[in-house]
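Worksheet: one structure, shown below.
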Amino acid sequence: MKSFALNGALRTETGKKATKAVRAEGNIPCILYGAGKVIATFSVTNNDVRKLVYTPEIYVVELNIEGKSYKAIMQELQFHPVKDTILHIDFLEVTETKPVVVKVPVVSVGHAEGVKAGGKLLKNVRSLRVKALYTNIPETLEINVENLGLNKSIQVKDLSFENLELIDNPENVVLTVKPTRAAAAAMAAARNGK
């Protein structure tokens with residue numbers, strides 16, 4: 001997991017009025033949680049978090065809040081429903097002993113048999129939720145699809161990764177190979193003996 005340095009300014013006041021004032025200054029209100037409680041309320045600038053938010057990559061954030069350092073992951077983002085600006089960010093403090101739940105992007109590896117036979121590989125989910133120590137979380141979950149035939153799929157229950165626990169529903173389909181119209185027509189013609 002890559003690291004990302006972020007500086008925050010401690011907020012002494014909380015509540016709607018104080019939060020509105022932070023946003024009026026062009027900053028984003030944030031909360032750092034850890035061990036089931038609030039550790040710090042702070043704010044960050046839009047420019048400082050742009051590379052952290054608008055990327056598919058997973059980062060461990062090296063938070064510096066007015067001299068105090070924390071390791072954290074971005075837990076939740078809240079966007080404005082119309083303007084699409086960031087309204088709020090929740091961070092979760094991470095330690096080397098307590099597992100965390102994170103969404104990790106899914107990447108297919110190899111050339112599926114079903115694609116060679118005229119099918120199309122479909123990715124049903126972009127990421128999977130995993131539970132692990134933050135030091136064990138990979139940047140992507142690589143799934144080998146070489147043996148995936150036409151009309152076949154890979155479900156969450158078919159996957160396992162070292163030092164990771166998959167949290168998603170075991171029945172969820174991750175990847176599948178569907179026949180294209182041309183391949184379906186060729187298969188139907190072959191079945192009918194034409």
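Heavy-atom neighbours of Lys123 NZ from other residues, nucleotides or ligands within 6.0 Å: above the threshold of 12. Around CD of Glu13, the count of heavy atoms belonging to other residues, nucleotides or ligands within 6.0 Å does not exceed 12.
Under a hydrophobic clustering in which Ile, Leu, Val, Met, Phe, Trp and Tyr are joined whenever their side-chain heavy atoms come within less than 4.5 Å, directly or via other members, Ile58 and Val61 fall into different clusters. With hydrophobic clusters built from ILVMFWY side chains whose heavy atoms lie under 4.5 angstrom apart, Tyr54 shares a cluster with Val49. Linking ILVMFWY side-chain heavy atoms closer than 4.5 Å, directly or via other members, places Ile143 and Ile137 in a single hydrophobic cluster. Taken together through direct or relayed side-chain contacts under 4.5 Å among Ile, Leu, Val, Met, Phe, Trp and Tyr, Leu159 and Val101 form parts of separate hydrophobic clusters. Connection of Ile89 to Val100 is not established within any shared hydrophobic cluster, with ILVMFWY side chains joined at heavy-atom distances below 4.5 Å, either directly or through further cluster members.
The shortest side-chain heavy-atom distance between Leu92 and Tyr134 does not fall under the 4.5 Å cut-off. Counting only heavy atoms from C-beta outward, the side chains of Val104 and Leu128 never approach each other to under 4.5 Å. Taking 4.5 Å as the limit, some side-chain heavy atom of Pro179 sits within range of a side-chain heavy atom of Asn151. Looking only at side-chain heavy atoms (C-beta outward), Leu63 and Cys30 stay at 4.5 Å or farther from each other. Residues Leu141 and Phe161 are in side-chain contact: their nearest non-hydrogen atoms beyond the backbone lie under 4.5 Å apart. Side chains of Asn7 and Phe42 form no contact here, defined as non-hydrogen atoms less than 4.5 Å apart. Between Ile31 and Thr41, the closest side-chain pair of non-hydrogen atoms falls below 4.5 Å.
Side chain of Gln155 to backbone of Glu171: a donor-acceptor contact under 3.5 angstrom is found. For the pair Thr176 (side chain) and Lys152 (backbone), a donor-acceptor distance under 3.5 Å is present. In terms of modelled atom types and a separation under 3.5 Å, the side chain of Arg23 and the main chain of Pro29 share no donor-acceptor contact. A distance-only check finds a donor-acceptor pair linking the side chain of Asn46 to the backbone of Gly26 [under 3.5 Å]. Side-chain atoms of Asp168 come within 3.5 Å of backbone atoms of Arg129 as a donor-acceptor pair (strictly under, hydrogens ignored).
Summarising the geometry, atom NE2 belonging to His111 is positioned 6.0 Å from atom NZ belonging to Lys116; distances are rounded to the nearest 0.5 Å. With values rounded to the nearest 0.5 angstrom, Asn136 atom CG is found 10.0 Å from Glu96 atom CD. Note that the CG atom of Leu77 and the CG atom of Leu52 stand 8.0 Å from one another [nearest 0.5 Å]. Atoms NZ and CG, on Lys157 and Asn172 in that order, are 11.0 Å from each other to the nearest 0.5 Å. Summarising the geometry, atom NZ belonging to Lys131 is positioned 14.0 Å from atom CG belonging to Asn163; distances are rounded to the nearest 0.5 Å. Taken to the nearest 0.5 Å, the CD1 atom of Ile28 stands 13.0 Å off from the OG1 atom of Thr19.
Considering every non-hydrogen atom in both Val60 and Ile73, the closest pair reads CA-CG2, 4.5 Å. Pairing each heavy atom of Lys51 with each of Phe4, the nearest pair is CB-CE1, 3.9 Å. Considering all non-hydrogen atoms of both residues, Tyr70 and Glu93 come closest at CD2-OE2, 3.6 Å. In terms of heavy atoms, Leu175 sits closest to Ser108 at CD1-CB, 4.2 Å. The nearest pair of heavy atoms linking Val53 to Met74 is CG2-SD, 4.1 Å. Annotation for Ala72 and Phe91: closest pair CB-CB, 4.1 Å, computed over non-hydrogen atoms.
Glu62 pairs by the salt bridge (Lys or Arg N to Asp or Glu O under 4.0 Å) definition with Lys71, not counting sequence neighbours. For Lys120, the side-chain contact (heavy atoms from CB on, under 4.5 Å) partners are Leu122, Thr180, not counting sequence neighbours.
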Under the criterion side-chain contact (heavy atoms from CB on, under 4.5 Å), I'd like the reasoning laid out for Asn124 against Val174: C-alpha separation, chi angles, the key distance, then a yes or no. CA-CA 5 Å; Asn124 293 20; Val174 180; over 6 Å; no
